[in-house]
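What follows is a set of notes on a single structure, which appears directly below.
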Number of protein chains: 2
Amino acid sequence: MTSIRKVSAIAGVSIATVSRALKTPEQVSPGTRQKVLDAVKEAGYRPNWLATSVKTGKSKSIVVLVPNLLNAFFQRIIEGIESAAQECGYTVLLGDTQGRKTLENEYASMVLTSRADGLIQLDHCFPFSDNDAELARSIPMVSVGERIESQHHYPFIHLDNYSAGRALAHHLISYGHVRFGAIAGQIQSQIYRDRLSGFKSVLAEENIDFPDSMLVGGSYTIEEGIRGVNELMKHKKPPTAIFCFNDDIAIGAIHQLRSLNYKVPKDVSVVGFDNIRVSEFMHPPLTTIDQPAYEMGVKAVEMLYRMMHNQELLRTREIMPFTLLERHSSGPINRSTSQ
Amino acid sequence: MTSIRKVSAIAGVSIATVSRALKTPEQVSPGTRQKVLDAVKEAGYRPNWLATSVKTGKSKSIVVLVPNLLNAFFQRIIEGIESAAQECGYTVLLGDTQGRKTLENEYASMVLTSRADGLIQLDHCFPFSDNDAELARSIPMVSVGERIESQHHYPFIHLDNYSAGRALAHHLISYGHVRFGAIAGQIQSQIYRDRLSGFKSVLAEENIDFPDSMLVGGSYTIEEGIRGVNELMKHKKPPTAIFCFNDDIAIGAIHQLRSLNYKVPKDVSVVGFDNIRVSEFMHPPLTTIDQPAYEMGVKAVEMLYRMMHNQELLRTREIMPFTLLERHSSGPINRSTSQ
DNA sequence: TATTAAAATGTAACTTGTTTCATTTGGGTG
DNA sequence: CACCCAAATGAAACAAGTTACATTTTAATA
């Protein structure tokens, strides 16, 4: 690797002048500037990014913790993050944690070792190891989708999950459904509580019973959708409408309903959440909640930027709007088969 | 940020000893080691990763250029890369290029500025800008899926796309099909040429005509599948079997065939490529080629590792095996409707 | 107890750029 | 031509580690 000293030797100037010619060209006379530029080209010089960062103390990078890169919803958020980060001169380091605590700890600690200046968490847990917890106190961090559990002072951006749950319930009730099932994703998260309580609140208002046995699930995967349907449809009076906590679950659910010879939506209505890319192209196309994932990513970077530059945050919590997309996986109850 | 000097002050030893106590503890007496460890804890010290890297001249990172993070096939490769990289102590920097040249240049140049020690390219183009091309000559780089165009000295890992194309053709011919269509992804890539010529070679052997008008496409997207079907089914004698160059295209194709009131596979058989996650859960489940994407990622890291450590490569080209998964989007020709 | 090799530790140089402070150069004015 | 301020440049300190080399300490042997 050619260094700045080599360039300075070729150009016949000091290393300080080379540095200035590249970083603050207006501080250098046109003649020297040209000499330096020529020398740079001749030497094939590229400044060592590490050296610059170690001197300035800023890595100009942010690390993003993603529980699962396969999740199409997260991908949209990431796109938003990357585009916004680039806008303000930051590089994004993607940490695919695969839900593993050790991996998460490791990526998070990048922010403690000057490898990154800030952190965006897409999961709901506090990403630092117990060892690092103390140090991490004052780190710039924002979370998207979920609120950092037991560390409520970190700013976060999320959907109005409660209202979305209500919207889905209203949608299904308007089709005449009265027997509901739900397949949840990760339990013990704010998202879970909000979506569920929103959904339940409407049922309660309408005096519709929703026994605990009709709530199953545990992870945001296709497999969970399959398992969930198997469980729900075992009941003597199975649900005629199923609320899946994300589109992956819904895809699995619809697949399994078909395997069990139920027609969707004729026999069972299914609704999802997130509006991932394929939802629209499934058969039937999925009724779901569209989240402004991209915008959420952008917002996250904006907030993080302010934190990294010690600027005051306007607010520590950002609630984003959603849209209910009524497609064809939900429909009117089939009075003949729903006894 | 607390530095190593602070720790050395607390522990009452030199900074060299602190460094040794942490990096090569066997070189330090147990007593001092403990003193240092205590001081580290007291100071809340984490070594500055940038400083370490700048001194050792190694970032222990590799950058991966992904044309499109949304592509489920790439994701599998990335998983393999990340797992293998972690194994040998490297961090993965994901660069989502979104097919944009400037972004690609920027991420690629990380390897020229000591931000990364090596590069894995998932696209087929030479990722450096013209300016950097010279410097990039001897950079550790391997490509997965595609061969770096016009720079054939870089090692690469790919599928036997030619044979896979043949396998799909045989599969469809065995069902009695004789009128074929194909919806390609990115033209002008080795993958395109290999899959197509493999497919065509079988048709030629069987004296089946495959006019140019039956080959459409241009990108690996759902939308391309939709467009492609619209185009192909316009013909007086439309195909009864369509070879989609990846699963996304196939998803779009099936969706659009259904919109045009064709039954899959009764009226038209559709085959895909890649075996992404949802393929299995589509309706009908997709007949496709399974690529060992994860293993390809692992292999890529292995090769890159050798290059980064100046070890001889066993071979500069790695061909991976595939599996034809016969599911339900392909089936026997329907003699009554295929006139 | 003296000798000596091995182990432990410290000093200072080194990695590469940036930046402060001092010095030199340049051009305009009196 | 001397003077002065500003612009341009250089020397050296700095960021935060690692490491070669020198020095001190320890422990074992004679």
Side-chain angles (χ1 to χ4, degrees), chain A residues 1-40 43-61 89 109-117 135, chain B residues 1-40 43-61 89 109-117 135:
Chain A
M1 283 284 129
T2 54
S3 77
I4 198 171
R5 330 232 162 209
K6 177 112 168 262
V7 176
S8 88
I10 296 178
V13 297
S14 71
I15 59 165
T17 303
V18 175
S19 179
R20 280 191 282 255
L22 297 174
K23 284 287 227 187
T24 49
E26 70 280 3
Q27 284 181 21
V28 159
S29 76
T32 340
R33 189 157 55 214
Q34 196 51 53
K35 264 198 297 184
V36 170
L37 260 32
D38 291 347
V40 163
Y45 171 70
R46 292 296 302 262
N48 184 320
W49 179 86
L50 296 167
T52 305
S53 300
V54 85
K55 183 70 207 318
T56 59
K58 299 265 161 270
S59 69
K60 295 285 256 171
S61 306
S109 75
M110 287 180 155
V111 119
L112 302 174
T113 57
S114 296
R115 249 189 120 157
D117 301 337
L135 298 172
Chain B
M1 283 283 129
T2 54
S3 79
I4 198 171
R5 331 232 161 210
K6 178 111 168 262
V7 176
S8 89
I10 296 178
V13 298
S14 72
I15 60 165
T17 302
V18 175
S19 178
R20 278 190 285 254
L22 297 174
K23 284 288 229 190
T24 50
E26 70 280 3
Q27 284 180 22
V28 159
S29 76
T32 341
R33 188 157 55 214
Q34 196 52 52
K35 263 197 299 186
V36 171
L37 260 33
D38 291 347
V40 163
Y45 170 70
R46 292 297 303 262
N48 184 319
W49 179 87
L50 295 167
T52 305
S53 301
V54 84
K55 182 70 208 318
T56 60
K58 298 268 162 270
S59 70
K60 296 285 255 172
S61 306
S109 76
M110 286 181 156
V111 124
L112 302 174
T113 56
S114 296
R115 248 189 121 158
D117 302 337
L135 297 172

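As a basis for the values below, the full set of heavy atoms in this structure was taken, side chains included, without hydrogen atoms, waters or symmetry mates. Chain A is the first sequence line, chain B the second, and so forth, proteins listed ahead of strands; every chain is numbered from 1.
In this structure, A:Ser29 reaches the D:dT9 phosphate: one of its side-chain N or O atoms is under 4.0 Å from OP1 or OP2. Listed pair A:Thr17 / D:dT9 fails the phosphate criterion, with no side-chain N or O lying under 4.0 Å from OP1 or OP2. Taking side-chain N and O atoms only, A:Tyr45 has a distance below 4.0 Å to OP1 or OP2 of C:dG17. Under 4.0 angstrom from either OP1 or OP2 of C:dG17 there lies no side-chain N or O belonging to A:Thr52.
Each of A:Ser3 and B:Arg33 lies near DNA chain C, and the nucleotide nearest B:Arg33 is the one positioned closer to the 5' end.
The residue A:Thr32 sits close only to the backbone: its heavy atoms come under 4.0 Å of sugar-phosphate atoms, none of a base. Among the heavy atoms of the strands lying under 4.0 Å from A:Arg46 are primed sugar atoms or P, OP1, OP2 only; no base atom is included. At the heavy-atom level, B:Val28 lies under 4.0 Å from the strands shown only through sugar-phosphate atoms. Counting non-hydrogen atoms under 4.0 angstrom, B:Ser19 reaches a base of the nucleic acid. When heavy atoms are screened at a 4.0 angstrom cut-off, A:Val18 is found touching no nucleic acid atom at all. Residue B:Ser114 is out of contact with every strand shown, counting any heavy-atom pair closer than 4.0 Å.
Judged by atom type and distance alone, B:Lys55 reaches the base of D:dT18 through a side-chain donor-acceptor pair under 3.5 Å. No hydrogens or angles were tested; on distance alone, nothing pairs the side chain of A:Arg20 with the base of C:dG17 as donor and acceptor under 3.5 Å. Under 3.5 Å, the side chain of B:Arg5 and the base of D:dA16 form at least one donor-acceptor pair of N or O atoms.
With rounding to whole Å, A:Ile4 atom CD1 is found 18 Å from C:dC14 atom P. Residue A:Lys60 contributes atom NZ, which lies 19 Å from atom P of C:dG17 at whole-angstrom precision. Separating the CG atom of A:Leu50 from the P atom of D:dG17 is a distance of 14 Å, rounded to the nearest angstrom. Whole-Å rounding puts the B:Lys58 NZ to C:dT16 P distance at 12 Å. Atom CD of A:Glu26 is separated from atom C1' of D:dT9 by 15 Å (rounded to the nearest Å). What separates NZ of A:Lys6 from P of C:dG17 is a distance of 12 Å, to the nearest Å. Taking atom CD1 of A:Ile15 as the reference point, atom P of D:dA13 lies 12 Å away to the nearest angstrom. One can place CD of A:Gln27 at 14 Å from P of D:dG10, the figure rounded to the nearest angstrom.
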Report task. Test side-chain contact (heavy atoms from CB on, under 4.5 Å) on B:Trp49 and A:Ser109 and set out the steps. Result -> CA-CA 10 Å; B:Trp49 179 87; A:Ser109 75; over 6 Å; no
Report task. Please report the C-alpha distance between A:Lys35 and A:Ile10 in whole Å, then the side-chain angles of each, then the deciding distance to 0.1 Å, and finally whether the side-chain contact (heavy atoms from CB on, under 4.5 Å) criterion is met. Result -> CA-CA 9 Å; A:Lys35 264 198 297 184; A:Ile10 296 178; over 6 Å; no
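At a threshold of 4.5 Å between non-hydrogen side-chain atoms, the residues A:Ser19 and A:Ile4 count as touching. Counting heavy atoms from C-beta outward, A:Leu22 and A:Tyr45 have side chains that approach closer than 4.5 Å. Looking at heavy atoms from C-beta onward, A:Val28 lies out of side-chain contact with A:Val36 at the 4.5 angstrom threshold.
Checking side-chain atoms of B:Ser59 against main-chain N and O of B:Arg115 turns up a donor-acceptor pair under 3.5 Å.
Counting only heavy atoms from C-beta on, A:Lys23 has its side chain closest to C:dT18 among C:dT9, C:dT18, C:dG17.
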